[in-house]
Amino acid sequence: MKNINRSPLFYVGDKYKLIEEIKQYFPKKIRHFVEPFVGGGSVYLNVDAEDFWLNDLSYYVVSLHKLLCSFVGRKEEFFSKVFEIIDRYGLSCSARGDSAFECLKIQYPKTYFAQFNKQAFLKLREDYNSSSEKDCLMLYVLLIYGFNRMIRFNQKGAYNLPVGNVDFNQNTVEALNSYFRLNATKKTHWHNEDFEIFINRLNLSEQDLVYLDPPYLITFSEYNKFWTYREEQRLIDILDSLDRKHIKFAVSNVLHYKTKTNEIFLNWSAKYNVHSIKSNYISYHDNTIKKFNEVLVTNF
Ligand SMILES: C[S@@+](CC[C@H](N)C(=O)[O-])C[C@H]1O[C@@H](n2cnc3c(N)ncnc32)[C@H](O)[C@@H]1O
């Protein structure tokens, strides 16, 4: 994974481990690279194009990207602001050689970070949720210390994950450094709307590529919750309309998962090129998830 850049959002279900395999099917030269479901950004970060049109329905995801992009060329300032929050709340920080949590390693061999950071994290979460002007930098710190580094809000708009078992470490620093370095040369345009509205407003041509990594109909994750047959139908309709206009697309999806099959996508994909992707989710020791079958469908 040496030449692959990981997103500092550490997004659940990101394409970090599959990007090399997926990218081999992309055209060599891309003018506009369009990602309607950008998530953590692991794909666009590892692709070259003249410019990047990036979108996600999640307001928080797009806000975090915009926040990070606003610090391109000023990364020292970003790190010092993050460390200021870490110190204000008394969170551990292994990236700076902090070993305050070491004393908990014997008592809590698997959860010492969570044990150490729990109270500080809850205070940070409470302050973030109760502030009228939401500080996106605080949200980034919550994400780094939060459970599975996920982003989850309840219906009242409060961030509601518990503390995770990891802190601001060297991997976080490296992912942030790569993000700042890569975005210094990438021309990005950020959007926060539904994929269909987003795609329809773009003026695309044959030299562009639309890469789509939508929520998967038959697997579970936080962002799949609102993805229904209706959304899947809208997705394949817009892909057909791109094809009619000779605009290249590449779409990731899962055809089989445990006992489920995504019939609608499977039937639709037959008219295009279907490339099997060796998914990182396959465990050859676990029969139950053996049938996980990820594909990349292209129209070129
Ligand atoms: C599988 S994830 C993308 C992961 C991304 N490829 C990565 O590497 O991080 C799917 C994304 O679609 C977004 N999403 C869900 N419904 C959407 C919609 N109707 N329009 C646009 N984005 C949507 C979710 O917020 C989520 O970030």
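Each ligand, and each atom within it, is numbered from 1 in the order the structure gives. The shown structure was predicted, so the numbers you read here are calculated from the model rather than taken from an experiment.
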**Q** Is F195 close to ligand 1, meaning an N/O of one under 3.5 Å from an N/O of the other?
**A** yes
**Q** Report, in ascending order of atom number, the atoms of ligand 1 lying under 4.0 Å from any heavy atom of P36.
**A** 21 (C), 22 (N)
**Q** I'd like to know if D14 pairs up with R149 as an ion pair, taking the criterion as any Lys NZ or Arg NE/NH1/NH2 lying under 4.0 Å from an Asp or Glu carboxylate oxygen.
**A** no
**Q** How far is atom 15 (C) of ligand 1 from its nearest protein heavy atom, and which residue and atom name does that atom have?
**A** P215 CG, 3.5 Å
**Q** By number and element, which atoms of ligand 1 are closer than 4.0 Å to a non-hydrogen atom of E193?
**A** 20 (N), 21 (C)
**Q** Check whether Y159 forms a cation-pi arrangement with R152 (NZ or CZ under 6.0 Å from the six-membered ring centre, at most 45° off the ring normal).
**A** no
**Q** With atoms numbered from 1 as shown, which atoms in ligand 1 lie under 4.0 angstrom from a non-hydrogen atom of D14?
**A** 7 (C), 8 (O), 9 (O)
**Q** Just to verify, which of L54, N55, L235, V61 counts as forming a side-chain contact (heavy atoms from CB on, under 4.5 Å) with F37?
**A** L235
**Q** Mind checking whether G13 has an N or O less than 3.5 Å away from an N or O of ligand 1?
**A** no
**Q** Nearest non-hydrogen atom to atom 16 (N) of ligand 1 belongs to which of D213, I199, L57, V43?
**A** L57
**Q** Can you find a heavy atom in the side chain of N299 that is under 4.5 Å from one in the side chain of K271?
**A** no
**Q** Any idea which part of P214 is under 4.0 Å from ligand 1, heavy-atom wise: side chain, backbone, both or neither?
**A** backbone
**Q** When you check the gap from the basic side-chain N to the acidic O, do K248 and D208 get nearer than 4.0 Å?
**A** no
**Q** Return the orientation label for the H32 and W53 ring planes: parallel under 30°, perpendicular over 60°, tilted otherwise.
**A** perpendicular
**Q** Checking contacts here: is it the side chain or the backbone of E196 that comes within 4.0 Å of ligand 1, counting heavy atoms only? Could be both or neither.
**A** neither
**Q** With a 4.0 Å cut-off, would you call K23 and E20 a salt bridge?
**A** no
**Q** Is V38 in contact with ligand 1, taking contact as a heavy-atom separation below 4.0 Å?
**A** yes
**Q** Looking only at protein heavy atoms, which one is nearest to atom 14 (N) of ligand 1, and what is the separation?
**A** F37 CD2, 3.9 Å
**Q** Would you call R244-D240 a salt bridge at under 4.0 Å N-O?
**A** no
**Q** At less than 4.0 angstrom from any non-hydrogen atom of G41, what atoms of ligand 1 do you find?
**A** 9 (O)
**Q** So is there a nitrogen or oxygen of D194 less than 3.5 Å from a nitrogen or oxygen in ligand 1?
**A** yes
**Q** Using a 3.5 Å cut-off on N or O atoms only, is K15 in polar contact with ligand 1?
**A** yes
**Q** Output yes when the distance from some N or O of ligand 1 to some N or O of E231 is under 3.5 Å, and no in every other case.
**A** no
**Q** What residue and atom, counting heavy atoms only, is the protein's closest point to atom 9 (O) of ligand 1, and at what distance?
**A** G40 N, 2.9 Å
**Q** So F168 and F79, would you call those rings parallel, tilted or perpendicular, with 30° and 60° as cut-offs?
**A** perpendicular
**Q** If I apply the N/O under 3.5 Å rule, does D56 come out as touching ligand 1?
**A** yes
**Q** Given Y223, F10, Y44, which has its nearest heavy atom closest to atom 2 (S) of ligand 1?
**A** Y223
**Q** Quick one: list whatever passes side-chain hydrogen bond (donor to acceptor under 3.5 Å, both in side chains) with K28, sequence neighbours left out.
**A** none
**Q** Regarding R125 and the six-membered ring of Y128, is the cationic atom NZ or CZ under 6.0 Å from the ring centre and inside 45° of its axis?
**A** no
**Q** Does anything in residues 131-148 pair up under salt bridge (charged side-chain N to carboxylate O under 4.0 Å, His left out), and if so which pairs, sequence neighbours excluded?
**A** none
**Q** Does at least one non-hydrogen atom of S221 fall below 4.0 angstrom from an atom of ligand 1?
**A** no
